[in-house]
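In what follows, every chain begins at residue 1, and chains take the letters A, B, ... in the order their sequences are listed. In this text, all values refer to a predicted model and were calculated from it rather than measured experimentally.
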Protein chains: 2
Amino acid sequence: MSDTKHRSYHHGDLHRALLDTALGMLAADQTWTFTLREVARRTGVSHAAPYKHFEDKDALLRELARIGFVRLEQAMAQALSSGPPSMREKFVAGAQACIAFAQHNPGLYRLMFSADADKGADPRLHEAAMATFGVLLRLLEKGQQDGSFRPVSIPALAAASWAQVHGLAMLAMNGQLLEEKVGPDPVRAALDVLLDGLCCKV
Amino acid sequence: MSDTKHRSYHHGDLHRALLDTALGMLAADQTWTFTLREVARRTGVSHAAPYKHFEDKDALLRELARIGFVRLEQAMAQALSSGPPSMREKFVAGAQACIAFAQHNPGLYRLMFSADADKGADPRLHEAAMATFGVLLRLLEKGQQDGSFRPVSIPALAAASWAQVHGLAMLAMNGQLLEEKVGPDPVRAALDVLLDGLCCKV
DNA sequence: CCAGAAAAGTTTCCCCTGTAAACATGGAGG
DNA sequence: CCTCCATGTTTACAGGGGAAACTTTTCTGG
């Protein structure tokens, strides 16, 4: 039993169980202000048990954030691959996947981008965040190579795109993109404004 | 003495003093995770005194956020009025003012846009946030009238612009807009991408 | 001018949280 | 079988938010 580190001793992979409980709590609530004791309680262990699996509360939060980035990366990557062929439409699909993720997992999304999950303090978290970012980067590079996107500095494109998508996700989570105000598809409309600047003129 | 509610009794406007202390703490730190007791301590009163001026901690946070929005509105409005005449340049000036505000008051900015300062729970906070948003709205309307910006739905333009500015502010605060990665003026470069879509073609 | 009354502050209290330390347990290897 | 270590549990402590009771000012009306 040495292939994975967390196997089954007393509880049977409490590490995973705690993460699952916490993820469940995050999914339910708009905020991620759960307490470590509550997680332990719902998992059916004593309030000190988590400390055998996570150095402190922040370590658990960072691990949750990391899982969130992995999931977001998968969601975005899948949206890109199964989307329409046009680069512009791929971009929209990826952005919508990110925004949908935020709306369906507001607590987790907020945690991922909060200062409490300090990416600098955890190489694994940083790596996961960069991998997610990489999905966007690769799309921009490919789109630039095939002439869909303008030949501007990739980092500038990436910063603009990422700011836009993340900003829209935030607005959407806060319910500030109401249809009666912004029209039938607010996200699409906002993305089109950016894409008109991003794409080459037709 | 019935014109304003908080005058001077024992302390002499403890209401304001608490806000000032908290603002000072917010300015110093990257995060706004201060405690109410710490604010009271630094103001030189007992830990229960604040409850005579704020219903609870959240009420204080909301008031701080409200002040933040007022300041941000002033900063952006001033940037617009004292900036160059071109609509496009005005937009850039306003955006840079917002981003600079975020960088100089990261704790306050994070508080303003965190879920803890629930705008729905406080009409005054909501009003202040809307007023700040109004600066952007009026600029877009004016720019559209004089033909600088495209005749797209104003809410769509606003959503895109706001998402972009707020997203860039977040990235800037997190130190993810480094010059060596994005070039000499990362914000400008990213804004230009958006503005190329926002402005009418030349 | 002098009671109240009400405002503003303080103390005390309770329950919660994060976290450390001491203690218990049970399964794996000698 | 027995011992060790990973895994849990109990106990303990500092600190926070907030309620309640008490005290001290300041204001107000008679």
B:Leu60 CG to D:dG16 P, straight-line distance once rounded to whole Å: 15 Å
Would the B:Phe133 and B:His126 ring centres measure less than 6.0 Å apart? no
Does a side-chain N-to-carboxylate-O contact under 4.0 Å join B:Asp192 and B:Arg188? yes
Least distance between heavy atoms, B:Ile99 atom then B:Val187 atom: CD1-CG1, 3.5 Å
Who passes salt bridge (Lys or Arg N to Asp or Glu O under 4.0 Å) against A:Arg41, sequence neighbours left out? A:Glu38
Heavy-atom distance under 4.5 Å between the side chains of A:Leu19 and A:Leu60, does that happen here? yes
If each end axis of the helix from C:dC1-D:dG30 to C:dG30-D:dC1 is fitted on five C1' pair positions, the angle between them, to 10 degrees, is 10°
When you check the side-chain N and O atoms of B:Gln30 and B:Arg110, is any donor under 3.5 Å from an acceptor? yes
Carefully, step by step, assess A:Glu63 and A:Arg66 under the rule salt bridge (charged side-chain N to carboxylate O under 4.0 Å, His left out). CA-CA 5 Å; A:Glu63 180 66 10; A:Arg66 196 189 63 80; 3.0 Å; yes
How many whole angstroms separate atom CG of B:Leu61 from atom C1' of D:dG17? 12 Å
Going by the rule side-chain contact (heavy atoms from CB on, under 4.5 Å), which residues pair with B:Ala59 if we only count those two or more places apart in sequence or in a different chain? B:Phe54, B:Glu55, B:Asp56, B:Arg62
Return a single string for nucleotides 11-23 of chain C, one symbol per nucleotide in 5' to 3' order, where B is base contact, S is sugar-phosphate-only contact and - is none, cutoff 4.0 angstrom on heavy atoms. BB----BBB----
Rounded to the nearest Å, what distance is computed from the CZ atom of residue B:Phe54 to the P atom of nucleotide C:dG9? 11 Å
Pair listing, ring-ring contact (aromatic ring centres under 6.0 Å, His included) test, anchored in residues 179-198 of chain B, at least two apart: none
Please list residues of residues 18-32 of chain A whose heavy atoms come under 4.0 Å from any atom in DNA chain D, ordered by number; otherwise none. none
Do the rings of A:Tyr109 and A:Phe113 sit parallel, tilted or perpendicular, given the 30° and 60° boundaries? tilted
